[in-house]
Amino acid sequence: MLELQNVHSYYGTSHILQGVSFSVPSKKCVALLGRNGAGKSTTIHTIAGLLKPRRGKIQFKERQLNNLLPHQISCLGIGFVPQGRRIFPSLTIRENLTMAARKNLIDRNNNWDLERVYELFPVLKEREKNMGTELSGGQQQMLAIGRALMTNPSFLLMDEPSEGLAPVIIDQVGDIVVKLKQEGLSILMVEQNISLACKVADEILIMNKGTIVWQGSPDELMKNNEIQHKYLGV
Amino acid sequence: MSLSIFSVQLLTGLAYGMLYFMIAAGLTIILGVMNIVNLAHGTLFLLGSYMAFTFMNQQFSFWIALLLSVAVTAVIGIIIEKLFIRQIYGKELEQVLLTFGLAFVIADTAKWIWGTEPQTMAVPALLDSSISIGPMVFPFYRLFVVLIGCLLALLLWYFESKTRIGAIIRAGVDDRAMVSALGINVGVVFTGVFAFGAGLAALSGVLGGPLIGMYTGMESDILVTSLIVVVIGGLGSWKGSFIGAILIGLIETFGKIWFPSLSMLIVFLLMVVVLIIRPQGLFGREVA
Ligand SMILES: Nc1ncnc2c1ncn2[C@@H]1O[C@H](COP(=O)(O)OP(=O)(O)OP(=O)(O)O)[C@@H](O)[C@H]1O
Ligand SMILES: [Mg+2]
């Protein structure tokens, strides 16, 4: 569904992504792990169009994304749940959701709208008139996921959804990710939390210094202490 | 000062305030949303009033001339944004040079088309009378301008806080990249905002025609006044501009009567006082 081939990205003159290649199959969840500064967010930003790759190919459903703008990429069905949530502080919870609303033109029977997001996250409905940033970290994460769902994506980019959350809340986030996968979404999830990643992902990628250095199943990673130690600092 | 003069002056001050509000609202919204100080904004005011003047000479009514000028100026705004401003988002020096340069080009073009003779515009017949309450006299046209200014404030409030576009624009001020990653074409939003601001400048220019007339150099006078309004109100806040514009309209009008030679100085003084007490302006966002 999504495929990266030898992608190189730069911030100014610093060469961050140094030939990244991987693919995410349809209706699967792939987790991208790696230490701080490994280039995980840079990978997500490059896919979302927020950073232009200098070399390589990014393909989504037969479409080349390299030269598209962020809004065009979003409109192809790629939802973005950023690191740090990036909730709009000037907007109420309800507005944070409705501003992103876009009808599902491909599958009309599977349309995400305000009602359905509120069904998935009842707490957002209870507090819909509050400002988005008045929510707790976990609730803000739900809002960020709900906001991405409002764009009716077929693919979700999630950047460290468990960051800064209490263990119980992390479990909830995991349940949501599993649920979304069951709904037919494909997901690329960046994580630092190995157990969460192994619980929800079908496949694990490990990134180090801007390249993918290991790839395997969650089981393989759990058994491989050397890799965990070397690249994830466990 | 007699009550009748006072009432007329009060209304005049308010009417001028509303004209300042109309032009400053566009300036401050463009600044808040797109991060650009449009130094050509005053010339859009000038263009609006001159175009209405020409349309009226072609036997169009004041009202048709008003609509046409606002529409044409909005289209000019679209062209300016798409052709020039778009190239220099985020580059402050370029923005100053470009919008300053545009201001010169447009003002000189206006001089070339309409000459340097001051012109006047008649008050539309429909509003060319006044209402008296006791000893107080209120000219209709000024009441009308005040009404339009208040309606505009109401419209902006509704638009900003009750519509999806308003939410998108506020979100864009918070985090532009995030808005675009949610599938919204921020470029189109920017063009729309710029065109809207240009249209408001023209509205101010046309409505100001019967009060101020048209003269060479008017564009810089109005630009300076509206920049002061924007600073007093707080950068990016149209609500602040509403209050700031009314204050300046009143102070300028009464200042001209009581201290004829000092009226502009008083306006600057007001700005200084506001900035000392609230550096971010009346409604400005606190900056760390
Ligand atoms: N806007 C930027 N400008 C310049 N350099 C940047 C920028 N953003 C990130 N970098 C650099 O790029 C490298 C990769 O950063 P990236 O954000 O992709 O890491 P990450 O794997 O997401 O780490 P974390 O787990 O901390 O989020 C880092 O060295 C970082 O300093
Ligand atoms: Mg990151």
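A, B, ... follow the sequence lines: proteins, then strands. Residue 1 opens every chain. Everything quoted here is computed from the prediction, not taken from an experiment.
Neither the backbone nor the side chain of A:I73 comes within contact range of chain B; no heavy atoms are under 4.5 Å apart. With a threshold of 4.5 angstrom between heavy atoms, A:R86 approaches chain B through its backbone and through its side chain. Contact of A:A100 with chain B is made through backbone and side chain together, with heavy-atom distances under 4.5 Å.
In this structure, a donor-acceptor pair under 3.5 Å is absent between the side chains of A:Q140 and A:R85. Between the side chains of B:Y20 and B:E252, at least one donor-acceptor pair of N or O atoms lies under 3.5 Å. Side-chain atoms of A:Q83 and A:S41 form a donor-acceptor pair, as typed in the model, at a separation below 3.5 Å. Donor-acceptor pairing under 3.5 Å is lacking for the side chains of A:E95 and A:T98. Side-chain contact check for A:R127 and A:T92: no donor-acceptor pair (N or O, by modelled atom type) lies under 3.5 Å.
Within the cation-pi definition used here (under 6.0 Å to the ring centroid, within 45° of the axis), A:R147 qualifies as a partner of A:F88.
Taking CD1 of A:I93 as the reference point, atom CD of A:E126 lies at 10.0 Å (rounded to 0.5 Å).
Of residues 166-191 of chain B, those residues with a non-hydrogen atom less than 4.5 Å from any non-hydrogen atom of chain A are, in numerical order, B:A167, B:I168, B:R170, B:A171, B:D174, B:D175, B:A177, B:M178, B:V179, B:S180, B:A181, B:L182, B:G183, B:I184, B:N185.
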